[in-house]
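These notes are about the structure you will find just below.
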Number of protein chains: 2
Amino acid sequence: MGKGLETRERILAIAEMSVLAKGFGATSIDEVIAEAGITKSGFFYHFKDKNELARAMLLRYVEANNRVFDDVFGRGRQLSDDPLQAFLIGLKLLAEVMADLPHGHPGCLIASVCYQERMFDREVRAIAVNSVQGWNVRFRATLDEIAAQHPPREAVDLDTVADMMSCIVDGGIIMSKLMADPRRLEHQVLAFRSFVKMLFSPSPAVPAGQVSAPATRVDSSHVDPHLL
Amino acid sequence: MGKGLETRERILAIAEMSVLAKGFGATSIDEVIAEAGITKSGFFYHFKDKNELARAMLLRYVEANNRVFDDVFGRGRQLSDDPLQAFLIGLKLLAEVMADLPHGHPGCLIASVCYQERMFDREVRAIAVNSVQGWNVRFRATLDEIAAQHPPREAVDLDTVADMMSCIVDGGIIMSKLMADPRRLEHQVLAFRSFVKMLFSPSPAVPAGQVSAPATRVDSSHVDPHLL
DNA sequence: GAAAACGCTGTACCTGCGGTACGGTTTTTG
DNA sequence: CAAAAACCGTACCGCAGGTACAGCGTTTTC
């Protein structure tokens, strides 16, 4: 990474923290540059105005989020051929990732943007909307796969279930932030997991042996405490 | 309502709209007073500073929210003696209330505060925390009642389920605001309702006749499309 | 019916921040 | 070594939050 990109990255990280703690409108450029150890001119060299900063922040955030999703649900698929099991494993891993954040989840930039829509131009809002839509279609596709093999017990719209994923995470972040209790987010993800499990599990009697042998090694963490 | 309280209420309503649309830090007093038709001095007569405005706004919001909860879940209890059915009816009514908002839910002030914590003093944050905790113990008590009669099918912590209610609503508000689609919030509440239903329903075979005869008349709206 | 409290208005002023402009300087890179 | 990249310094504008205080009409209270 060149020195320019490094500084840019530092600005974005600091600004994200500030935005999540105080809101975009209350985030002062002076504070950001002081913490980043640069001058105002330096800042405006990288971002022509605050909206460009917002755009870059959002893109950075969405990308990082996508990497996490790719990681946990990709691992889920590696660990089971059954789409339901794979998704449940992914959710378990996601809950673990959320729980392992040192000071709890810092906050969701999408939610922050949502609660300050008037502050941003169309492009920023479009980035937020597209990202969420992308996650929804992603999870919707997964749910379709699952439903093909496991007929859902309740007549619930799968788009709504896919949407629920984002809602639970965003709601869980708010609760864990507000209550200063990182575990709440973890619990919410696991509760959503229970919902999915119940929705696609045919009967109280549990059919065992659907989990294929793990092809990949799992790094130190035992994955199978509550798989079914 | 005295003239003073009337002006105060007008200020609070306008400020709430602005805060939900732009964030607290970006909400300008000049804009609020312009819309309220008063002067700056008039504003500072009612609120000594922005933090006092925030406190009053939050209290107003929480109170309104409590009224809605009291209303829908109170009606639920009127319509069924079974705690599960009463809760499910309440959730259905809540979803309807959410769907009937003319321009969608304007936003949750608690979430807004959460994403701008650094802007507020301890008291404001305490109000937010206490309100959410109040809702959680309320729903937890309801869930305890339900669980006493309907053993839950999954080993889920009831505190987490109670928490999930707030998460779903806050998450649903974010999604519906972001996507400009008020129905998403309604769907999320109904999805949570499905979760509760599944969690406390003993088996796929539905035992009928648990709904007691409604003692109260239902005002024009037919309550029983998807009760079980 | 006078006094006090209420509900504001008007003016003036200070501070800090977002943002612009622009010339100069150092650092990196081809 | 030269050019591009990555900044620094300074000076400035306008707006918003916030303070201070004097005053004024209306309503309430004794």
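Every chain is numbered from 1, with letters handed out A, B, ... down the list of sequences.
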Separation between CD of B/Glu145 and OG1 of B/Thr142, rounded to the nearest 0.5 Å: 6.0 Å
Between C1' of D/dG17 and CZ of B/Phe43, the distance in whole Å: 10 Å
Nearest-angstrom distance from the residue atom CD1 of B/Ile11 to C1' of C/dC8: 10 Å
For atom CG of A/Asn51 and atom P of C/dG19, their distance in whole Å: 8 Å
Beyond-backbone contact of A/Met119 with A/Val124, side-chain heavy atoms, under 4.5 angstrom: no
Between D/dA6 (C1') and A/Phe44 (CZ): distance, integer Å: 16 Å
Whether B/Phe87 and B/Phe73 hold their rings parallel, tilted or perpendicular, with breakpoints at 30° and 60°: parallel
Value in whole Å for how far the P atom of C/dG18 lies from NZ of A/Lys48: 18 Å
For atom CD of B/Glu6 and atom C1' of C/dC6, their distance in whole Å: 15 Å
Residues within residues 20-42 of chain B bordering DNA chain C, heavy-atom distance below 4.0 Å: B/Gly37, B/Ile38, B/Thr39, B/Ser41, B/Gly42
Ionic contact status for A/Arg183 with A/Glu186, cut-off 4.0 Å: yes
Protein-nucleotide distance (A/Glu52, atom CD; C/dG18, atom P), rounded to Å: 17 Å
Any B/Thr7 side-chain N or O less than 4.0 Å from OP1/OP2 of C/dG7: no
Short side-chain N/O contact to C/dC8 OP1/OP2 from B/Tyr45, under 4.0 Å: no
Helical bend (five base pairs per end, nearest 10°) for the helix from C/dG1-D/dC30 to C/dG30-D/dC1: 30°
Electrostatic pair B/Arg67:B/Asp71 at N-O distance under 4.0 angstrom: no
Side-chain N or O of A/His46 closer than 4.0 Å to phosphate OP1/OP2 of D/dA6: no
Any donor-acceptor N/O pair, B/Ser176 side chain to B/Ile173 backbone, under 3.5 Å: yes
CD (A/Glu35) with more than 12 external heavy atoms under 6.0 Å: no
Rounded interatomic separation in angstrom, taking CG from A/Leu53 and P from C/dC17: 17 Å
B/Phe24 and B/Phe120 aromatic ring geometry - parallel, tilted or perpendicular at 30°/60° bounds: tilted
B/Ser194 side chain vs B/Leu190 backbone, donor-acceptor pair below 3.5 Å: yes
